[in-house]
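Order of the sequence lines fixes the chain letters, A, B, ..., with proteins taken first and strands second; residue numbering starts at 1 for each chain. Below, each value reflects all heavy atoms present in this structure, side chains not excepted, and no hydrogens, waters or symmetry copies.
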Amino acid sequence: MSEEIKSLNFIEHIIEEDLANGLPKDKLRFRFPPEPNGYLHIGHTKAIGISFGLGERYDAPVNLRFDDTNPAKEEQEYVDAIKRDIAWLGYKWENELYSSDYFQKLYDWAVLMIKDGKAYVDSQSSEVMAKQKGTPTQVGTNSPYRDRSVEENLELFEGMKAGKFPAGTHLLRAKIDMKDPNMLMRDPIMYRIMYAHHHRTGDDWCIYPMYDWTHGESDYLEQISHSLCSLEFKPHRKLYDWFRDNVYEYSKDKFPLPPKQREFARLNLSYTIMSKRKLLRLVEEGIVSGWDDPRMPTISGLRRRGYTPNSIRKFIEKVGVAKRENIIDVSLLEFCIRENLNKTANRVMAVLDPVKVVITNYPKDKEEWLEAENNQEDDSAGFRKVPFSREIYIERDDFKEEARNKYFRLKLGGEVRLKNAYIIKANEVVKDQNGDILEIQCTYDEDTSKKVKGTLHWVSIKHAITAEIREYDRLFMHESPDSDKDKDFMEFLNPNSLTIKTGYLEPSLADVEVGEQFQFQRLGYFNVDNDSTPQKLVFNKTVGLRDSWAKQKPKPQNNENQNKPKPQQQKRSAISVIQQFGKKYTNLPEEKQQKVKSEIQALAKDVAYDDLEPLFCTAVKKSGTRIAVLIALKVLLKNGLEENEAINDFIEKAKEDKNEILVAEASEI
RNA sequence: UGGCCUAUGGUGUAACUGGCUAACACAUCUGUUUUUGGUACAGAAGAGUCUAGGUUCGAAACCUAGUAGGCCAACCA
């Protein structure tokens with residue numbers, strides 16, 4: 001292994017700096033704090049990968065903490081699912097913890113804060129309080145209850161805890177600043193009354209702490225060194241620090257390390273949604289079969305689809321960590337799973353859209369069991385036998401009566417190799433009255449040493465077993481379905497995200513087990529679905545193979561599929577070539593400059609003034625581009641273009657430029 | 001009439017904290033090999049780092065202003 005210099009992301013830089021400034025390495029501690037109100041999805045995997053990845057990198061403990069402060073939304077089912085998913089990804093947590101474990105400690109601290117005049121009980125309605133809060137651009141006003149005496153506050157807070165008041169009548173608020181430009185600092189709520197059964201504490205409590213009060217203090221109690229979360233919590237940081245610093249005063253002897261929160265940009269995947277609420281809607285409205293539907297971006301969905309922990313971890317590693325908004329192309333995820341499965345999945349043959357081939361010179365009753373390599377990428381994978389006989393299926397797509405030379409597959413009069421078997425030649429087609437092909441009549445040749453361009457997969461009809469094959473397309477037709485302000489994300493649903501077919505498989509697949517993964521040769525990677533039984537096999541298509549042939553075909557796809565932007569710059573207009581010359585112009589030796597100049601002049605003949613004008617406002621420092629534009633402009637002027645204000649401005653500015661070449665070119669006019 | 005954050009090829013992330021021709025991966029396109037139009041290998045194209053000023057011998061990085069995008073007004077997390 002060569003010494004790999006891996007560049008650090010900004011969080012690792014922060015940690016390195018803290019370490020350099022004297023933070024002992026053994027104080028490093030991280031956490032992943034999901035709320036158990038839904039299933040984990042690929043977006044969470046980034047947060048998981050960051051915190052657990054840091055734990056692995058620095059050999060530091062990582063806690064799994066369930067942020068369970070809202071009993072109205074949380075359930076044990078989700079706790080179990082979350083634990084299963086994280087374990088499946090291959091991460092190990094140090095401690096399994098719950099925010100609800102800290103309810104008593106939090107309460108005690110809150111009492112201390114009341115005693116110090118840092119918190120008070122408010123007794124207004126939520127509407128009134130909302131009004132007092134102000135807006136981002138308008139300061140708030142103080143609550144009339146803000147100056148209650150310590151004694152009164154204490155009595156009311158104890159009453160709240162004792163269940164003396166109905167929900168909604170009182171709240172505990174931190175006394176900070178109703179004029180703070182950060183809305184979260186305007187006397188945030190610490191506790192609300194809530195008569196709800198909690199999945200862990202039962203009915204012990206009827207007041208529940210809010211996120212801001214709970215989260216940072218839980219970090220503090222666990223002595224987390226770096227509390228990592230996504231960008232939308234950035235505004236919370238000021239409050240996080242305020243609560244932390246106050247509580248630190250009470251407990252610094254016992255808990256000496258004040259944690260710090262840092263934020264990173266969350267993961268967005270193209271053509272999918274990440275919001276738990278929206279995913280729940282897909283489940284509830286029956287758009288998908290459940291949280292683990294193979295089209296879902298949930299971890300359980302990806303698992304069922306055939307994604308491996310390795311592929312997902314690799315993906316997260318490649319995606320990186322930064323602070324800017326991003327949309328990662330699904331092709332990266334697909335690359336990761338292909339790369340993984342290419343090494344591990346055994347190759348088999350399956351025909352999903354069959355057309356019958358009869359090998360007329362092969363005896364009717366004969367059958368042969370031919371040897372086939374399981375995986376050429378893996379020497380230990382071994383071999384298996386596949387049956388061959390007179391009648392086989394190939395893909396309908398793999399035959400054309402006539403085709404161009406670029407078509408490597410079977411055509412009339414043409415030869416093709418059958419994978420692991422013989423070379424066949426197509427002689428005739430039999431059609432029904434509609435002109436649809438019923439069978440292709442071929443002859444085979446036992447000499448397999450011949451060189452032929454195409455190799456097809458196939459399956460012996462007599463020996464084939466059938467299976468249900470589920471193929472998936474993206475769930476949404478829009479690159480970023482939930483970012484449209486006018487349209488509901490449901491409007492972008494792809495009506496054809498699931499296709500079910502009957503496939504004909506080689507008989508070696510008769511006794512597969514749920515979860516097993518294969519490469520159906522030339523088609524893609526498939527795994528055995530949970531619904532599969534020995535009587536009725538069910539396969540999911542995990543992902544297709546890279547297909548450079550499909551790209552060459554014109555693709556008569558339905559229109560919806562075409563809204564993929566794909567701004568490929570294949571055509572290369574004259575103006576863009578000129579721009580490109582411009583970029584390099586000033587760096588070229590003089591003789592080359594002359595050459596490029598004349599090329600620009602030639603190209604300029606094909607350039608319209610309207611293309612040129614926008615380039616007048618090219619940045620001043622891009623003098624190369626300005627020179628190229630000027631050269632082209634001169635050609636246009638010579639050919640009769642009339643001068644206008646924009647042109648004159650551009651020329652005048654060029655004359656005053658620092659760059660001598662530009663000045664020289666400009667002066668020639 | 002606010003506060004905070006962000007801006008680097010089509011996409012994502014780098015650039016040892018101000019110093020070589022702005023790097024890597026995906027995507028795209030060429031070749032070579034191939035009993036998978038897969039894999040592997042080789043190569044190409046694509047970015048003057050949002051704009052304008054400034055500081056400096058030197059700026060993607062620092063400063064100022066602008067532009068664009070995002071987040072913030074739940075008794076959610």
Length of the CD-C1' vector between A:E16 and B:U17, whole Å: 14 Å
query: Does A:R522 place a side-chain N or O at less than 4.0 Å from the phosphate oxygens OP1/OP2 of B:G37?
result: yes
query: Reckon A:Y407 touches a base, only the sugar-phosphate, or nothing at all at heavy-atom distances under 4.0 Å?
result: base
query: How many angstroms lie between atom CD of A:E317 and atom CD1 of A:I50, to the nearest 0.5 angstrom?
result: 12.5 Å
message: Less than 4.0 angstrom from a charged side-chain N to a carboxylate O is my criterion; do A:E12 and A:R57 meet it?
response: yes
task: Using the P atom as the reference point in each nucleotide, state the distance between B:A77 and B:U6 in Å, no decimals.
output: 27 Å
- request: Would you mind reading off the distance between A:F383 atom CZ and B:U35 atom P, rounded to a whole angstrom?
  value: 14 Å
statement: For RNA chain B, the dot-bracket notation using Watson-Crick and G-U wobble pairs below 3.5 Å, [ ] for pseudoknot-type crossings and | for other-strand pairs, is .((((((..((((.....[...)))).(((((.......))))).....(((((..]....))))))))))).....
query: In terms of base orientation, is B:G48 syn or anti, with the syn window spanning 90° either side of 0?
result: syn
- request: Check step by step if ring pair (Phe, Tyr, Trp, His ring centres under 6.0 Å) holds for A:Y525 and A:F520.
  value: CA-CA 6 Å; A:Y525 296 97; A:F520 289 3; 9.8 Å; no
- prompt: How far does the P atom of B:A74 sit from the matching atom of B:G69, given to the nearest Å?
  reply: 24 Å
message: Would A:K323 and A:F264 count as a cation-pi pair here, with the cationic atom under 6.0 angstrom from the ring centre and within 45° of the axis?
response: no
- request: Answer with base, sugar-phosphate or nothing: what part of the nucleic acid does A:E263 contact at a heavy-atom distance below 4.0 Å?
  value: nothing
- prompt: OP1 or OP2 of B:G38 sitting under 4.0 Å from any side-chain N/O of A:S548?
  reply: yes
field: Contact pattern, 5' to 3', of nucleotides 69-77 of chain B - B, S or - by protein heavy atom under 4.0 Å
entry: -SSSB-BBB
message: A cation-pi test, strictly: NZ or CZ of A:K161 under 6.0 Å from the centre of the six-membered ring of A:W205 and no more than 45 degrees from its axis. Yes or no?
response: yes
- prompt: Using the ring of each side chain (for Trp, its six-membered ring), is A:F157 parallel, tilted or perpendicular to A:Y107, with breaks at 30° and 60°?
  reply: parallel
task: Give the ring-plane orientation class for A:F165 versus A:H170, where under 30° counts as parallel, over 60° as perpendicular and anything between as tilted.
output: perpendicular
- request: Can you tell me the distance, in whole Å, between the CG atom of A:L523 and the P atom of B:G38?
  value: 14 Å
- line: Comparing nearest nucleotides in RNA chain B, the 5'-proximal residue of the pair A:Q521, A:G320 is A:G320
query: Using a distance-only test with no angle check, is there a side-chain donor-acceptor pair under 3.5 angstrom linking A:D219 and A:Y240?
result: yes
- prompt: What integer number of Å spans the P atoms of B:A7 and B:U64?
  reply: 16 Å
message: Once you measure the plane-to-plane angle for A:Y39 and A:Y78, does it fall in the parallel (<30°), tilted (30-60°) or perpendicular (>60°) bin?
response: perpendicular
query: How many Å lie between CG on A:L333 and C1' on B:C26, as a whole number?
result: 12 Å
- line: Per the O4'-C1'-N9-C4 / O4'-C1'-N1-C2 angle with a 90° window around 0, B:U35 comes out anti
message: Parallel, tilted or perpendicular: which one describes the rings of A:H198 and A:F103, with boundaries at 30° and 60°?
response: perpendicular
field: Rounded distance in Å between the C1' positions of B:A23 and B:G48
entry: 16 Å
field: Sugar-phosphate only, base, or nothing, as touched by A:Q519 at under 4.0 Å among non-hydrogen atoms
entry: base
statement: Rounded to whole Å, the CG-P distance (A:D329 to B:U13) equals 13 Å
message: Measuring from the side chain of A:K451 (C-beta onward, heavy atoms only), which nucleotide among B:U36, B:U35, B:C26 has the closest atom?
response: B:U35
query: Does a nitrogen or oxygen in the side chain of A:H13 sit under 4.0 Å from OP1 or OP2 of B:A14?
result: no
query: When the nearest nucleotide of RNA chain B is assigned to A:K234 and to A:A421 on a heavy-atom basis, which residue is associated with the more 5' position?
result: A:K234
field: Proximal nucleotide (of B:A14, B:G38, B:U1) relative to the A:N342 side chain
entry: B:G38
message: What is the separation between atom CG on A:L332 and atom C1' on B:G12, rounded to the nearest whole Å?
response: 7 Å
field: Backbone of A:I48 reached by a side-chain donor or acceptor of A:S51 within 3.5 Å
entry: no
message: For the P atoms, the ones on B:A44 and on B:U49, what distance do you get once it is rounded to whole angstrom?
response: 24 Å
- request: For B:G58 and B:G19, measure between their C1' atoms and round to the nearest Å.
  value: 7 Å
- prompt: When the distance from CG of A:L8 to C1' of B:C16 is rounded to whole Å, what number comes out?
  reply: 9 Å
message: Quick check on B:U28: is either OP1 or OP2 less than 4.0 Å from any side-chain nitrogen or oxygen of A:K551?
response: yes
- prompt: Looking only at atom C1', what distance separates B:A27 and B:A45, rounded to whole Å?
  reply: 13 Å
- request: Just call it for A:K276: base, sugar-phosphate, or nothing, with non-hydrogen atoms closer than 4.0 Å on any strand.
  value: nothing
Euclidean distance, atom CD of residue A:E12 to atom P of B:U13 [Å, nearest integer]: 14 Å
query: When all nucleic acid strands are considered with a 4.0 Å heavy-atom cut-off, which category describes A:R546: base, sugar-phosphate, or nothing?
result: sugar-phosphate
task: Classify the nucleic acid contact of A:I327 as base, sugar-phosphate or nothing, counting any heavy atom under 4.0 Å across all strands shown.
output: sugar-phosphate
query: Is A:R338 near enough to B:U39 that one of its side-chain N or O atoms lies under 4.0 angstrom from OP1 or OP2?
result: no
query: Hey, does the Lys NZ or Arg CZ of A:R173 hover above the aromatic six-ring of A:Y120, less than 6.0 Å from the centre and inside 45° of the axis?
result: no
- request: Write down the distance separating the P atoms in B:G66 and B:A25, rounded off to the nearest Å.
  value: 40 Å
- prompt: Checking all strands, does A:V139 fall into the base, sugar-phosphate, or nothing category for heavy-atom contacts under 4.0 angstrom?
  reply: nothing
